[in-house]
There are 2 protein chains.
Amino acid sequence: MLISTQISIFDVLQLIYHTRKKWTYNLATETSVNERPYINITNLIWSFDHDSNCVNLLLVKRSEWPFENRWALPETFLRSNEDADESALRLVKEKIGLELADFHTEQLATFTHQTRYPGSRSLSLSYMTFLPDMPKLDPGYGTTDARWFAMSFNESQYLFSNGDQQFATAADTNHDEYYAKLDANQLADNQLAFDHSWILKVACDRIKNKLDYQPNILLMLGTSFTLKSARRVYAAFLKKDVNQIDNSNFKKNHKHLFVEVGITTSNRPGRPARKYQLAYLPA
Amino acid sequence: MLISTQISIFDVLQLIYHTRKKWTYNLATETSVNERPYINITNLIWSFDHDSNCVNLLLVKRSEWPFENRWALPETFLRSNEDADESALRLVKEKIGLELADFHTEQLATFTHQTRYPGSRSLSLSYMTFLPDMPKLDPGYGTTDARWFAMSFNESQYLFSNGDQQFATAADTNHDEYYAKLDANQLADNQLAFDHSWILKVACDRIKNKLDYQPNILLMLGTSFTLKSARRVYAAFLKKDVNQIDNSNFKKNHKHLFVEVGITTSNRPGRPARKYQLAYLPA
DNA sequence: GCAAAAGTGTTCACATTACACCCATGA
DNA sequence: TCATGGGTGTAATGTGAACACTTTTGC
């Protein structure tokens, strides 16, 4: 059936390209040239501001089509000599330089909706990285600006703010409804490019769901952390105030996840807090 | 740096193909032609045999390179006119025909290791489908056989058997270690093609982890199910005997997930069992 | 010593477990 | 009426929430 669609000179060129691998293509059933979409690696890079005690997300201002001059999650193309997670790590290095040696990247999901990328087919292989620091940012290729956006929330969404700019996670909770509306919404100034508000929503939900059994998000607190800072992170994703999470209970409920590794030294009044690490080692 | 690698006529053709989209490529930094890998959709199709009370998985015998004449998870190529989840559904329809109207597909993960596919770069976008029935199978394109394999387990692996054939999930628990060994193992007769034993391991772990909060796997029991059959599914993934899961406690612990919808009629001795459904509706 | 920050302990409510008991059906 | 499969109830144990209390620091 697909053979009935128009075939351009580019399709033919692509076919020639394909055949160098001695792969036999069956046009009628298995393929057409358009089946090789762009492979975008999208990386949600998280960090924690120890001054403001806020969770932060890295956003970039695009300089190229599509969505030039608009804010988006950092993206790159998958290269032939790297796995997708290596590609996500490379993206981190491009934005923050190489001063950080040790950080954790994990897969979020893959987004394949046909209209997610205007003009051409593109898949987003999305990853999340938790940085143990909040370094200065370097916009790098394809972007004119890169900034940290502090996370907050309202009843139905998470919000990410830097100065006047504020972006929210998708308001829809249903995948199909979100993408059905996506075309019409593409020009709203307070929205992230592409389907990034949806990707961001999926990310926040995932992080929240993993808090009680695999809180890799705490890696953004550094190699060790105090219970108070951990509670701040939990509170941010649970849409609570820190003080709504009782420290005594928090410690008891998560003792299987945390292991004590030392004590803080501080110049402020009050008993110094103990330091903890994740008891499991994220691969 | 990438510009220093050899450039073939095919690279040039691919570039011409690319430029029709008016996308400006920066060879030195962002791309090379090999960055458009094959997009394989891998679908793990699950079902339940009500006669043997076993969880079953669909495997196919490949007829084409690579791994011709070997068993593998069913795969297809992503087409230009479908999302990846639609592609996974199409794969189901090709294997089982169209007699089943209502079934659920969800994303598992995306596998991108450079050596996962011999000879060329290929990404696997993996999905899972839970069939409410165990229909006759149709091998379809690229395969000579398609069969149900019954799931069992040993201490460290899940096993899938049909007659003499038995395949196991990956023995490694570490991603990097698995892929480091993959080349050497490719020819063992009792192994699935590609990295499918790893994908299958990831799938089983995912299903197990979701049993207590989103047991979509129960959709393979049909539109409604008895507590006993649900316990059988749980037991299979928890590596227990059905009787190790107390019925009374099972009901109490999962009452937020199940809702009573009727009663079974049976010709056997014993009180008829009640029928339940998932209380939430998987999208 | 006092205030501030953090860690500890106690109580109560509720959930989970183990296991005994009761109910509905076919032969 | 008995064997069989399935549902219900209960006491003991374990877990989480609320909140009071103790410890350690800076000033």
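Computation of the quantities below employed the complete heavy-atom set of this structure, encompassing side-chain atoms and omitting hydrogens, waters and symmetry-equivalent molecules.
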Asks: For B/H254 and C/dA15, what is the distance between atoms NE2 and P respectively, to the nearest whole Å?
Replies: 15 Å
Asks: Could you verify whether a donor N or O on one side chain and an acceptor N or O on the other, from A/D85 and A/Q107, lie under 3.5 Å apart?
Replies: no
Asks: Under 4.0 Å between a side-chain N/O of A/K251 and OP1 or OP2 of C/dG7, yes or no?
Replies: no
Asks: Given atom CD1 of B/I245 and atom C1' of C/dT16, what is their separation to the nearest angstrom?
Replies: 14 Å
Asks: Check the distance between C/dT11's C1' and A/K252's NZ and give it to me in whole angstrom.
Replies: 10 Å
Asks: Starting at atom CG of A/L227, determine the distance to atom C1' of C/dT8, rounded to an integer number of angstrom.
Replies: 12 Å
Asks: Drop me the distance from A/C204's SG to A/M151's CE, to the nearest 0.5 angstrom.
Replies: 5.5 Å
Asks: Please evaluate the base of C/dG9 for a donor-acceptor partner in the side chain of A/S248 within a cut-off of under 3.5 Å?
Replies: yes
Asks: Give the rounded distance in Å between these two atoms: CG of A/N243 and C1' of D/dA17.
Replies: 16 Å
Asks: Please enumerate all protein N or O atoms sitting under 3.5 Å from an N or O of nucleotides 24-27 of chain C, with distances to 0.1 Å.
Replies:
residue, atom, partner, partner atom, Å
C/dA24, N3, B/R271, N, 3.3
C/dT25, O2, B/G270, N, 3.0
C/dG26, O3', B/N267, O, 3.4

Asks: Closer than 4.0 Å, any side-chain N/O of B/K228 to the OP1 or OP2 of D/dG5?
Replies: no
Asks: Are A/E177 and A/H175 close enough that a side-chain donor and a side-chain acceptor fall under 3.5 Å?
Replies: no
Asks: Roughly how many Å is it from CZ in A/F250 to P in D/dA18, rounded to a whole number?
Replies: 15 Å
Asks: A/Y179 versus A/F111: any side-chain heavy-atom pair under 4.5 Å?
Replies: yes
Asks: A/D246 has a side chain; which of C/dA18, D/dA18, C/dA6 sits nearest to it?
Replies: D/dA18
Asks: Are any non-hydrogen side-chain atoms of A/Y127 and A/T42 less than 4.5 angstrom apart?
Replies: no
Asks: Among A/W46, A/F160, A/W71, which one satisfies ring pair (Phe, Tyr, Trp, His ring centres under 6.0 Å) with A/F149?
Replies: A/W71
Asks: To the nearest 0.5 Å, tell me how far B/W148 CH2 sits from B/K136 NZ.
Replies: 11.0 Å
Asks: Rounded to whole Å, please give me the gap between CG in A/D212 and C1' in D/dT15.
Replies: 13 Å
Asks: If you assign B/R231 and A/Q244 each to the DNA chain D nucleotide with the nearest heavy atom, which residue ends up on the more 5' nucleotide?
Replies: B/R231
Asks: Can you find a side chain N or O atom of A/N247 that sits less than 4.0 Å from OP1 or OP2 on C/dA6?
Replies: no
Asks: Using whole Å, what does the distance between atom P of nucleotide D/dA20 and atom CG of A/N249 come to?
Replies: 13 Å
Asks: Does any donor-acceptor pair link the side chain of B/N253 with the base of C/dA15 at a separation under 3.5 Å?
Replies: no
